[in-house]
Every structure is written in C-alpha cells, then in structure tokens.
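First comes the structure, then the notes that go with it.
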Number of protein chains: 2
Amino acid sequence: MSQDELIAKKLSAMAHPARLAIVHMLVKAGPQGVSASQLGGPLDIAANALTFHLQKLAHAGLVESRRSGRFVIYTAAFDELLNLTNYLVGSCCVDSAEKCGPRCPTSEPSPMHISTSRGEQND
Amino acid sequence: MSQDELIAKKLSAMAHPARLAIVHMLVKAGPQGVSASQLGGPLDIAANALTFHLQKLAHAGLVESRRSGRFVIYTAAFDELLNLTNYLVGSCCVDSAEKCGPRCPTSEPSPMHISTSRGEQND
DNA sequence: GCTAAACTTCAATAATTCATGAAATGTTGT
DNA sequence: ACAACATTTCATGAATTATTGAAGTTTAGC
C-alpha cells in the first residue's frame, strides 16, 4: 500500500460525521479512552452501527481498543493522527518556499513534526 | 451544515489517492499554484477524471482556481487545510489534560492555531 | 446455570462514488 | 473562420459504503 493510499484510507475513515464525532470525543478524552456505549449514547448511534464505524477507524489505525470487564474501551491513536495532520501541510511550498507568506506552516518549526517508530501497515 | 459535516466533507474530498496527491502537489507548489494539465500529467489522471477530482476538492473549499490564458491554475486553500489539521488534534484531552503525556499536541502552543475570517460555508 | 448488559456479526437494501468514453465549451494563434 | 490545445460536461456501469433489523457472543452478577 502506497503512502498516499494509506493516508487516503485514514482520511476516508474519518470522512463521516459520526466517525469524526467519535474521533473528536476520543481525542478530547485523551489516553484514558471511552467505552463504546459512552460513545454511542451521546452521539445517538445504534450499537451495530457504532461497531461498524469503530471497526473502520480501527482498521485504518486511528483508534485502539482494549477490553475492561464487559466494556470495550476505545482510545485515539494519537501518533497516527499527528502523522496525518503533519502530512497534510508538512510540505507546504517546498518547491517555492520564497514565494510563501509568513503563515506558511513550515516557516517555523512545529511541535506537530514527530516521528513514530511504526513501519508501513500491510493490510 | 454542522461543523462535523463540514469537516467530514473536507476529509472526504481528500480521501482518495489521486486527490490526496493533487493536494500534496498544490501544497508543495505554494501560492503560485499549478495548472490542471501540470497536475494531470505527472499523476497520470485522465483530463475528465482530473476535473472530477478538482471539482470535488473545490466544492469542499480545499482548492481555488483562476484562469490564466487557456490554463486553469489551481492553488491549495491553505487556511482551510490548516483549519482542518487543527481541528483534528486541536482539542486533545481537554476532558483530562492532566492524564495526557508530554507529546500531547496542546501541551505547548502550536503555530497551527490560526484563525480565519471566513464564515461558515453554506452549500 | 440463568439473565441482563455490552458488543459484534450477518444479511439485504439503499445510496454514493469512481472510471470511462464521447461530446461540448472556451481560448489562443494563424 | 479554422485548427489545436485545455478543460469541462454528460452518460453509463461497476464498485464501494452506509443503514437497518435480527441473531449471536462474551462478561458480570445472582
């Protein structure tokens, strides 16, 4: 899977209002995570639909899950999310830096520039 | 259109390898932009397919176009892209900041936090 | 073991998206 | 006006994605 295909898959996973809201809740919640039912309640998503969406996000590597009693706790995959955002604007105007204005995201070092130790995912 | 729907639309627009490659080329090119044929050539996309993809991106507000002679020059909508990336990780662990680690993207101010003067888009 | 709760799987349908070929539009130069 | 180039529009079919209802699995408590 090419880099672009991998990134497109992640974007595609988030390109749905329900899933975006899920990711947002998980990002807000931080590393402690949120159980599936805690997500489904406020967002008003049926249980099976919730599973569908969470699996899509998990398959794209954007969320992780662990079991805790009868609950399944989901957490955002922060590294992957940061990778993603960095990719989107991380190479602004490399072909013509001198023509880019002061708001260019690469004009000053950003804390977004992190590297993970993960290899490429093989579907 | 809700905030989530608007963001989902933008993500959806980029959730395709060809469109992602287009955005990447435009971001790399900076404000000067690139003509449609200059995009289509290297990416090996048929002219009509290219139009399809560019329109999807334009409709999501991620690219802008202007005519220059017989060419149509496309540029990335940098503000919108930055808005987008900021949205994705901009509210990390607001519900439990103390439990988030040092890599939390909100743990130090980021140059990504910009505000635009644009109102909400009404489709 | 039984029951309820939390979650997942399955199956069918509806809706959207993408690729392709053919035709049309707009622009430049002769 | 004409020819060539750049881009867009239109129409079709294939493929993917989302929604819904029903049934199945795992865990905790009695």
Side-chain angles (χ1 to χ4, degrees), chain A residues 1-2 4-23 25-26 29 32-75 123, chain B residues 1-2 4-23 25-26 29 32-75 123:
Chain A
M1 206 178 207
S2 78
D4 273 0
E5 283 170 333
L6 192 59
I7 302 273
K9 182 175 184 175
K10 290 180 196 298
L11 290 171
S12 186
M14 283 195 295
H16 185 286
R19 292 196 293 269
L20 187 57
I22 289 169
V23 169
M25 278 187 74
L26 293 178
Q32 72 189 41
V34 178
S35 75
S37 43
Q38 281 177 312
L39 289 167
L43 298 177
D44 198 38
I45 304 172
N48 53 357
L50 187 63
T51 296
F52 172 79
H53 290 311
L54 284 168
Q55 280 180 345
K56 191 145 194 175
L57 287 168
H59 196 234
L62 293 174
V63 308
E64 285 147 20
S65 64
R66 66 193 137 93
R67 180 140 219 148
S68 170
R70 45 176 129 171
F71 299 92
V72 177
I73 308 294
Y74 286 88
T75 52
D123 244 47
Chain B
M1 207 178 206
S2 77
D4 273 0
E5 284 170 334
L6 192 59
I7 301 272
K9 183 176 184 175
K10 290 180 196 297
L11 291 171
S12 186
M14 284 195 294
H16 185 287
R19 292 196 294 269
L20 190 56
I22 290 169
V23 170
M25 277 186 74
L26 292 179
Q32 73 187 41
V34 178
S35 75
S37 43
Q38 280 177 313
L39 288 167
L43 298 177
D44 199 37
I45 303 172
N48 53 356
L50 187 63
T51 296
F52 171 79
H53 291 311
L54 284 169
Q55 280 180 346
K56 191 146 192 171
L57 288 168
H59 197 233
L62 293 173
V63 308
E64 284 147 21
S65 64
R66 65 192 136 94
R67 180 140 221 149
S68 170
R70 45 177 126 174
F71 300 93
V72 177
I73 308 295
Y74 285 89
T75 52
D123 241 46

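FYI, side chains are in, hydrogens and waters are out, and symmetry mates aren't considered; it's all heavy atoms of this structure. Lettering of chains follows the sequences in order, A, B, ..., and the numbering in each one begins at 1.
Expressed to the nearest 0.5 Å, how far CG of B:Leu62 lies from NZ of B:Lys10 amounts to 5.5 Å. Distance CG/B:Leu6 to CG/B:Leu11: 10.0 Å, rounded to 0.5 Å.
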Apply side-chain contact (heavy atoms from CB on, under 4.5 Å) to A:Leu26 and A:Val34, showing your working. CA-CA 7 Å; A:Leu26 293 178; A:Val34 178; 4.0 Å; yes
Before you tell me yes or no, could you show the steps for A:Met14 and A:Leu57 under side-chain contact (heavy atoms from CB on, under 4.5 Å), namely the whole-Å CA-CA distance, both residues' side-chain angles and the distance that decides it to 0.1 Å? CA-CA 7 Å; A:Met14 283 195 295; A:Leu57 287 168; 4.2 Å; yes
Stepwise side-chain contact (heavy atoms from CB on, under 4.5 Å) check, B:Ile73 with B:Arg67: CA-CA 6 Å; B:Ile73 308 295; B:Arg67 180 140 221 149; over 6 Å; no
Chi angles and distances behind the side-chain contact (heavy atoms from CB on, under 4.5 Å) call for B:Leu54, B:Leu39: CA-CA 10 Å; B:Leu54 284 169; B:Leu39 288 167; 4.1 Å; yes
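Partners of B:Gln38 according to the side-chain hydrogen bond (donor to acceptor under 3.5 Å, both in side chains) rule, which considers only residues two or more places apart in sequence or in another chain, are B:Ser35.
Remark: the backbone N or O of A:Ala60 is not paired with any side-chain donor or acceptor of A:Lys9 at under 3.5 angstrom. Under the 3.5 Å distance criterion, the side-chain polar atoms of B:Lys56 are left unmatched by any main-chain donor or acceptor of B:Ala13.
Side-chain contact between A:Leu20 and B:Glu5: absent, with no pair of heavy atoms (C-beta onward) separated by less than 4.5 Å.
Interface residues of residues 11-22 of chain B facing DNA chain D, ordered by number: none; criterion, heavy-atom separation under 4.0 Å. For residues 42-57 of chain A, proximity to DNA chain D is found at A:Asn48, A:Phe52, A:His53, A:Lys56, defined as any non-hydrogen atom under 4.0 angstrom from a strand atom.
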Ignoring hydrogens and angles, write down the donor-acceptor pairs under 3.5 Å from the side chains of residues 41-53 of chain A, residues two or more places apart or on other chains.
| residue | atom | partner | partner atom | Å |
| --- | --- | --- | --- | --- |
| A:Thr51 | OG1 | A:Ala47 | O | 3.3 |
| A:His53 | ND1 | A:Arg19 | NH1 | 3.0 |

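Atom C1' of nucleotide C:dT27 and atom CZ of B:Arg67 are separated by 6 Å, given to the nearest angstrom.
In DNA chain D, consecutive stretches of 3 or more Watson-Crick or G-U wobble pairs with both distances under 3.5 Å are given as paired ranges: C:1-30 with D:1-30.
In this structure, A:Thr75 and A:Gln32 approach most closely via the heavy-atom pair CG2-C, 4.0 Å. In plain terms, the two heavy atoms of B:Ala29 and B:Gly33 that are nearest each other are CB-O, 4.3 Å.
Both B:Val72 and A:Ser68 lie close to DNA chain D; mapped to their nearest nucleotides by heavy-atom distance, the more 5′-ward contact belongs to B:Val72.
A nucleotide of DNA chain D counts as in contact with chain A when one of its atoms lies under 4.0 Å from a heavy atom; the first and last such, 5' to 3', are D:dT17 to D:dA28.
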